[in-house]
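Step one of this worksheet: look at the structure below.
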Number of protein chains: 2
Amino acid sequence: MNIGEASGASGVSAKMIRYYEQIGLIAPKGRTQSNYRVYGEQEVHVLRFIKRARSLGFSLEETETLLKLWQDKSRTSASVKEIATTHINDLERRIAEMQGMVKTLKHLSHCCGGDHRPDCPILDDLAGERAAPSDKPKSGESVA
Amino acid sequence: MNIGEASGASGVSAKMIRYYEQIGLIAPKGRTQSNYRVYGEQEVHVLRFIKRARSLGFSLEETETLLKLWQDKSRTSASVKEIATTHINDLERRIAEMQGMVKTLKHLSHCCGGDHRPDCPILDDLAGERAAPSDKPKSGESVA
DNA sequence: TGTAAGGCTTCCCATCATGGGAAGGTCAAG
DNA sequence: CTTGACCTTCCCATGATGGGAAGCCTTACA
């Protein structure tokens, strides 16, 4: 299988397959005489594993760890679960951060006329003219 | 005011102040004879505006637009509100995406013993051995 | 007044994951 | 044998930020 076919079979772009090889995440089964990368079912399976891990938001570093655990038959499920749990916490933290932004922005938008006049609570807030007291009850601590 | 003082007064790192200048977002009031950047209250105000916009998740490009609107006294609040609304939608889309990941991961984690044994539904899912049917009712469409 | 510390300058590099594109070799079909 | 589609490597770009080096400037202190 050429890289193009492996790409089609795995959903990972050829560009990314080469990149994953470069960073040591994967390797082709071999090369043809003309230096073309050759892949088999095994390699495509690994690529699909990576794609799925990425789609769940794992970084390539985490994905690499998961990949090693997958291939290590003596792993413990606890070691995998720990990575997943850490990742869940990370996602939830980022979600909460963005939800805070949304909450503030919705409040400001609600207060903004959205008409032809220049008066705008959104700009007032950005400029530091406190027009949205409900979000920042204490000091000027950033949301992010 | 030197860049260091402007940084302290605005909460934007000196590194970032220089970068914002480089991309044309801001400019110092001037330079000293020895080529030091000089800032005034006005510039610090702009830096704080940028910082607040960033903390609400606006990109630098959006921030630039907001900054121009802020300085344009003939703007309409509708134009500002539109940017905010677009940004809210973007944030909500990303939040939903991550919530999907969390949902799947929590389900998998819940199914995972987290013990010393190697059996792990999380890895099984990544490997494509469908152990978590509740998330992917139809085809193999990625979450992301 | 000399010197040392610390601040400023520019320039280059790294991150993270991905894509674009150029220059050139290879393969398969016509 | 040519043409087009594929492959190779290499370089560059993204977005926002930080690190660090080399060298100049300023301030404070002895």
Side-chain angles (χ1 to χ4, degrees), chain A residues 1-39 43 47 49-67 87 90-91 94 97-98 101 142-144, chain B residues 1-39 43 47 49-67 87 90-91 94 97-98 101 142-144:
Chain A
M1 219 184 323
N2 277 341
I3 198 170
E5 294 167 275
S7 171
S10 64
V12 178
S13 74
K15 209 85 181 176
M16 278 303 101
I17 295 176
R18 292 193 198 98
Y19 174 65
Y20 293 160
E21 177 181 345
Q22 191 196 315
I23 63 172
L25 202 53
I26 54 163
K29 204 168 60 177
R31 296 267 188 157
T32 65
Q33 280 192 323
S34 55
N35 207 31
Y36 281 23
R37 288 169 179 85
V38 176
Y39 300 90
E43 285 74 26
L47 285 170
F49 182 103
I50 295 170
K51 188 177 173 64
R52 175 72 176 146
R54 296 286 302 124
S55 81
L56 289 173
F58 288 105
S59 69
L60 283 183
E61 198 176 356
E62 288 166 326
T63 301
E64 187 178 13
T65 306
L66 291 169
L67 203 45
H87 182 48
D90 189 49
L91 283 170
R94 289 193 282 157
E97 211 171 84
M98 288 196 280
M101 296 177 190
S142 310
V143 174
Chain B
M1 215 184 323
N2 277 340
I3 198 170
E5 294 167 274
S7 170
S10 65
V12 178
S13 75
K15 210 85 181 175
M16 276 303 102
I17 295 176
R18 292 193 198 97
Y19 175 65
Y20 294 161
E21 178 182 344
Q22 192 198 315
I23 64 171
L25 203 52
I26 54 163
K29 205 168 59 178
R31 296 268 187 157
T32 66
Q33 281 191 322
S34 55
N35 208 30
Y36 282 22
R37 288 169 180 84
V38 177
Y39 300 90
E43 285 75 25
L47 285 170
F49 182 103
I50 294 171
K51 187 176 172 65
R52 175 74 177 141
R54 295 286 302 123
S55 81
L56 289 173
F58 288 106
S59 69
L60 284 183
E61 198 176 356
E62 287 167 327
T63 301
E64 187 177 14
T65 306
L66 291 169
L67 203 46
H87 181 48
D90 189 48
L91 283 170
R94 289 193 281 157
E97 213 171 81
M98 288 195 280
M101 296 177 190
S142 310
V143 173

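Every chain is numbered from 1, with letters handed out A, B, ... down the list of sequences.
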Worksheet, complete the sentence: dist T65(A):OG1 -> F58(A):CZ (nearest 0.5 Å) comes out at 10.0 Å
Practice prompt. Report the distance from atom OH of Y39(A) to atom OG of S7(A), rounding to the nearest 0.5 Å.
Written response: 10.0 Å
Fill in: L67(A) side, atom CG; I26(A) side, atom CD1 - distance, nearest 0.5 Å
9.0 Å
Worksheet item: In residues 16-33 of chain B, what residues come within less than 4.0 Å of DNA chain C, judged by heavy atoms?
Response: R18(B), R31(B)
Worksheet entry | Nearest-nucleotide comparison on DNA chain C, the residue closer to the 5′ end among S34(B) and L60(A) | S34(B)
Discussion item. Taking the minimum atom-to-atom distance to the side chain of N35(A), which one of dT9(D), dC8(C), dC7(D) wins?
Written reply: dT9(D)
Worksheet entry | Neighbour count >12 (heavy atoms, 6.0 Å) for atom CD, E5(B) | yes
Fill in: Euclidean distance, L60(B) CG relative to M16(B) CE, rounded to 0.5 Å
8.5 Å
Worksheet entry | Y36(B) side-chain proximity, nearest of dC25(D), dC27(C), dA16(D) | dC25(D)
Worksheet item: Rounded to whole angstroms, how far apart are CG on L47(B) and P on dT17(D)?
Response: 12 Å
Item to complete: Could you check how far CZ of R54(A) sits from P of dC16(C), rounded to whole Å?
Response: 11 Å
Practice prompt. Find which nucleotide of DNA chain D each of R37(A) and K15(B) is nearest to by heavy atoms, and output the residue with the more 5' nucleotide.
Written response: R37(A)
Item to complete: Find the distance I3(B):CD1 to dC24(D):P and express it as a whole number of Å.
Response: 20 Å
Worksheet item: Below 4.0 angstrom from OP1 or OP2 of dG19(C), is there any side-chain N or O of S13(A)?
Response: yes
Worksheet entry | Euclidean distance, L56(B) CG relative to K51(B) NZ, rounded to 0.5 Å | 11.5 Å
